[in-house]
Amino acid sequence: MNVLSVRDLTVEFRTPGGRLRALDRVSFEVGKGRILGVVGESGCGKSTLINAILGLLAENGEITSGTIRMSDGRDLTKLGDAELRAIRGQRISTVFQDPMGALNPVLSIGRQMRDIQYRLPLSRAEKDARSVEMLRKVRIPDPESRLVQYPHEFSGGMKQRIAIAMALMMEPELLIADEPTTALDATLEVATIELLKELQRDIGCAVLFISHHLGVIAELCDAVIVMYAGAVVERGEIGTIFHHPAHPYTERLLECDPGRLHERVGRLPTIPGEIPDLRQRPAGCIFAPRCHRAEPRCAEPPPDRSVGPGHVARCWLAGETAEARA
Amino acid sequence: MSSVAEPARPRHAGLAALGRVLAEPMGLFGLALVVLVIVSAVFADQLAAYNPTRMMPRDRFADPGWTHLMGTDHLGRDLFARVLHGGRIALWVALVATSISLALGAVLGLIAGYGPRWLDNLLILIFDAVKSFPTVMLALTLVTLFGPSLTAVMVVVVLVATPSYARVIRTQTMALKTSEFILAARAMGAGMGRILRVHVLPNVIGPVLILASMDIPVVIAIEAGMSFLGLGVRPPTPSWGAILNDGFTNIRETPWIAVAGGLPVILTTLGFTFLGETLRDVFDPRLRREG
Amino acid sequence: MLGYAVRRLGLGVAIVTTAMAILFIMIFLVPGDPASVALGPRATPEMVEALRVRMGLDRPVWEQFWNFYASAVRGDLGTEALSGRPVADVVLEQLPYTLALIVSGISWAVALGIPLGALAAVQRGSLADRIVGVLSVAVIAVPSFVVAIYALLIFAVWLRWLPAIGAGEPGDFADQLTHLLLPSLAVGLGWVGYIARMVRASMLEALQASHIRTARAFGLPERLITYSYALRIAILPTLTLLGIGVGHMLSSAVFAEIVFARPGIGKLVYDAIIVRNYPVVTGAVLVTTVFFVMVNVAADILVGALDPRVRSELGR
């Protein structure tokens, strides 16, 4: 059963320079209790995806087609503001990238954690007790006395753990983690990932884990979707994607990951070219201009090709390269 | 304040900016009021049928009507003529006092910004001290000591306005002081006076000009306010504040005199403020000061 | 925090001292002799000489300034030339009336300005936003004494809704309050505009912050986000603004007191000018200046105390 299943989601923004297609027929699902990674360069549409799921697209943004279904079958794209609000924070919760800015600077931690529980018919003391419990779970020392403190009185790592505690407070079915460790240094990153994994097992929620750090994705996730220029170019189980990538973009992305380089190189490899202007999408494959294996037929829109069980790539060459390799 | 010596804009940029001001309803309205006020002050003699100081004892406290558009005051002087001529005083004070404040503020600001640290600290302290007098209290003191006059009004305006201009100039000068082209000029042996005059002043004066244009309503309010209290323009010179005072004295019997004195003040301050706000938004949105 | 408060206070003292020096120089520059100015043209040379000695005008300049400064610090602002009463007593007697006027002016500004500014920010670009914007500019532009005269004309003379003159019966609070309504509106109206603009701008900035996005992602009610999460941050800068506002309102209060014939510092000084009672004028200027500077110091320290970020920043 899927906690979240996204089908053919397309999002467009009205800009002074014309309509901009930020997401192009995005499809994927997150199974119950599973961790799905989302990778891609900055500007690939990861933030738009989160905002579309949360119903928090900017005013000039619009879902032009597709569905986002919850486990109960409700389509989030069809819900009104009040219904969406009832889902946000309760059933779908989010940890954002910037731990410094994610907490309100002039309200105490206790106040902010109480506010999240505003739907619960509990007394103030009971809500505080739950907050303390949650802070203890994310290993904030002496949580009782820290409820009255303000965000600036905590370190960056602590703030991110508090943000995680707040997100898991209402025991959501799905946790969206938007590059939660990018702003932290390496040691803290490992510790935070470990904590997140542990809490996820504890609560049993599914996680949509967004990161551009392939090592973290490989460590944490069960499955992964690779995004490029607003499209999911490839999705599949973690091992399959990492060991048998079917899309040329995924191949290049893996080659460029410093963590996977086995030999010393003069300079870090990068993918030549840059992300195209999303206001003028080419008719065919959007990666074709940068693709080292582009062919004439790539000027036609590529199909979503099934390469193996649960393994799909949006590329003309997908099945063929796999065969050729086998 | 990283922008340094931006190239001079082509001529038609000014026209384009004017177009943008006119495209804003507020800017258009402001400009229309300002033009109205200036034209009626300049052509006061042609527009008004009477001499503003001529007393017509038989027409005392005449109601507004065709003979006297705004009626007459307690001495039988035509209020419409007095209002138009009052505009001359108001605009004259605004022009002269603002120019003096600008010049003085520029000099002090350049000295504070470019000069030694101790001098800067001293000047800032003096600016803060002068600004800490409530404006009206300062005006009242000056008038008590020196007697009421148009000069007293101007001195008050200069004292109130100069510190603000000097502060803006100072801040910008400090930012420029270490910029490359100033260092280059110094390396080429340019003297301090030349550097300040040729290189610094043209680069820092723009924002202050906009600020000064936005202070015109404040100056007009100070002149009218002091004249209302009998501390500014001496009778029988027509001034909006003096008309307001006449109207206030007889507010129950002849309320139109107070209306006639207040209306031009309202229209002028509104006009200059609307125009100034729009100009600032068009030319330099960074200047937006919310206080 | 304490260190900051002490530093801020020290700066305040320096400003007041400089202001007193400027005031002293102005008095010193007076054409003619302050003693004869104070006594008027009918005074005999003997009377003038006696007053000169009493005022210390026969002493060297620096000694005069030191006496002026030292006695002011002790709370001695001199004595009225004619009645012989201490100037400090005369001024402080009138101060509460002016304070009441300023406090109620601030109340208007805060009670109308904050909700209007918040409304404009939340409904950015709407008709309401535009109306609030234009009205804010308009009320800021129009001088307060014109507002006072027109308010008097409309509400007291034509409509007869509110009393025109005086401060009301002593002891009758309701009567005093109705007498306060029009003058305080004249004093506070412009500041409704300032506050509304300030709150709108800082509210828009606050609503952009990423913690607001977090709060939305937690499904918090929009009302809570606007008024508790954003407005709380947006209000802080207005406190500093109000500190400056007190100085402007002191000026407006002078006019309001004269227009509505209310007792207060402004009326006191105005009446003193007419009879050339200049120790009262300088005394009142000094008291209001010190008051204004101290209010600003207090506002800065208060912002420090209310904003947990500043608080800890300063605590270090």
Side-chain angles (χ1 to χ4, degrees), chain B residues 25-26 29-30 122 125-148 159 217-218 220-222 224-225 228-231 240-241 244-245 247-248 251-252 255 258-259 261-263 265-274 276-277 288 290-291, chain C residues 11 14-19 21-23 26-27 29-31 34 37 134 137-138 140-146 149-150 152-153 157-158 194 197-198 200-202 237 240-241 244-245 247-248 250-252 254-255 258-259 265-266 269-270 272-273 276 278 281-282 284-285 288-289 292-293 296:
Chain B
M26 204 166 87
F29 182 61
L122 180 68
L125 188 64
I126 292 176
F127 296 158
D128 282 350
V130 171
K131 288 226 80 139
S132 69
F133 295 113
T135 309
V136 174
M137 285 294 172
L138 189 67
L140 292 173
T141 317
L142 279 170
V143 170
T144 319
L145 299 177
F146 300 97
L159 280 176
V218 179
I220 286 172
I222 291 177
F228 169 71
L229 294 179
L231 309 175
W240 294 335
L244 267 168
N245 193 1
F248 174 65
I251 198 157
R252 281 170 203 283
V259 176
L263 213 55
V265 179
I266 294 176
L267 293 181
T268 311
T269 48
L270 277 186
F272 277 107
T273 307
F274 283 159
E277 293 266 325
R288 207 164 235 295
E290 298 296 331
Chain C
L11 185 61
I15 289 175
V16 168
T17 308
T18 316
I22 294 170
L23 196 62
M26 284 192 330
I27 298 170
L29 284 177
V30 171
V37 170
V134 171
V137 176
I140 291 171
V142 176
S144 74
F145 73 97
V146 179
I149 294 170
Y150 274 42
L152 176 80
L153 191 61
V157 175
W158 286 344
Y194 278 120
R197 287 176 64 153
M198 182 74 173
R200 178 184 183 274
S202 43
T240 324
L241 185 66
I244 300 163
H248 283 225
L250 269 169
S251 291
S252 309
V254 172
F255 286 108
I258 291 162
V259 170
I265 299 265
V269 173
Y270 187 63
I273 289 179
R276 296 179 164 203
Y278 96 105
V281 177
T282 49
V285 173
T288 48
T289 305
F292 174 49
V293 172
N296 276 298

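Letters A, B, ... mirror the listed sequences (proteins, then strands); counts begin at 1.
- Considering only heavy atoms from C-beta on, C:Y150 comes within 4.5 Å of B:L263 through its side chain.
- Panel note: side chain C:S251, backbone B:T135; a donor-acceptor pair is recorded below 3.5 Å.
- With chain C as partner, the option from B:G241, B:A258, B:A139, B:G225 having the largest number of non-hydrogen pairs under 4.5 angstrom is B:G225.
- Most heavy-atom pairs under 4.5 Å with chain B: of the set C:I265, C:V285, C:L250, this distinction falls to C:V285.
- Between B:T269 and C:A141, the closest heavy-atom pair is CB-O, 3.5 Å.
- Contact annotation for C:V16: neither backbone nor side-chain heavy atoms come within less than 4.5 Å of a heavy atom of chain B.
- For C:V137, the parts lying near chain B are the backbone and the side chain together; criterion is any non-hydrogen pair under 4.5 Å.
- With sequence neighbours excluded, the residues forming a side-chain contact (heavy atoms from CB on, under 4.5 Å) with B:I126 are B:L122, B:V130, C:T18, C:I22, listed by chain and number.
- The shortest heavy-atom contact between B:F248 and C:V259 is CZ-O, 3.2 Å.
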Query - B:L140 vs C:V254, side chain to side chain contact (heavy atoms under 4.5 Å, CB included): CA-CA, chis, key distance, verdict - result: CA-CA 10 Å; B:L140 292 173; C:V254 172; 4.2 Å; yes
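- Shown here are the ring pair (Phe, Tyr, Trp, His ring centres under 6.0 Å) partners of C:F145, two or more places apart in sequence or in another chain: B:F228, C:F255.
- Summarising the geometry of B:A129 relative to C:A19, their closest heavy-atom pair is CB-N, 3.5 Å, with the distance given to 0.1 Å.
- Counting heavy-atom pairs closer than 4.5 Å to chain C, the top-ranked of the candidates B:A221, B:S132, B:P217 is B:S132.
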Query raised in the report: Should C:T289 and B:M137 be marked as a side chain to side chain contact (heavy atoms under 4.5 Å, CB included) after you check the CA-CA gap, both sets of side-chain angles, and the distance that decides it?
Result: CA-CA 9 Å; C:T289 305; B:M137 285 294 172; 5.8 Å; no
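- Between B:N245 atom CG and C:I149 atom CD1 the span is 8.0 Å, to the nearest 0.5 Å.
- For chain C, the nearby parts of B:A224 are the backbone and the side chain; heavy atoms of each come within less than 4.5 Å.
- Contacts between C:V142 and chain B at a heavy-atom distance below 4.5 Å involve backbone atoms as well as side-chain atoms.
- Proximity to chain C involves both the backbone and the side chain of B:V259, based on heavy atoms less than 4.5 angstrom apart.
- Within the model, atoms CD1 of C:I140 and CD of B:E277 stand 7.0 Å from one another, a figure rounded to the nearest 0.5 Å.
- With a 4.5 angstrom heavy-atom cutoff, B:I220 does not touch chain C via any of its atoms.
- Heavy-atom pairs under 4.5 Å with chain C peak, among B:L244, B:L142, B:T268, at B:L244.
- Proximity to chain B is absent for every atom of C:I244, based on heavy atoms less than 4.5 angstrom apart.
- With chain C as the partner, the residue from B:T141, B:V265, B:D128 showing the most heavy-atom pairs under 4.5 Å is B:T141.
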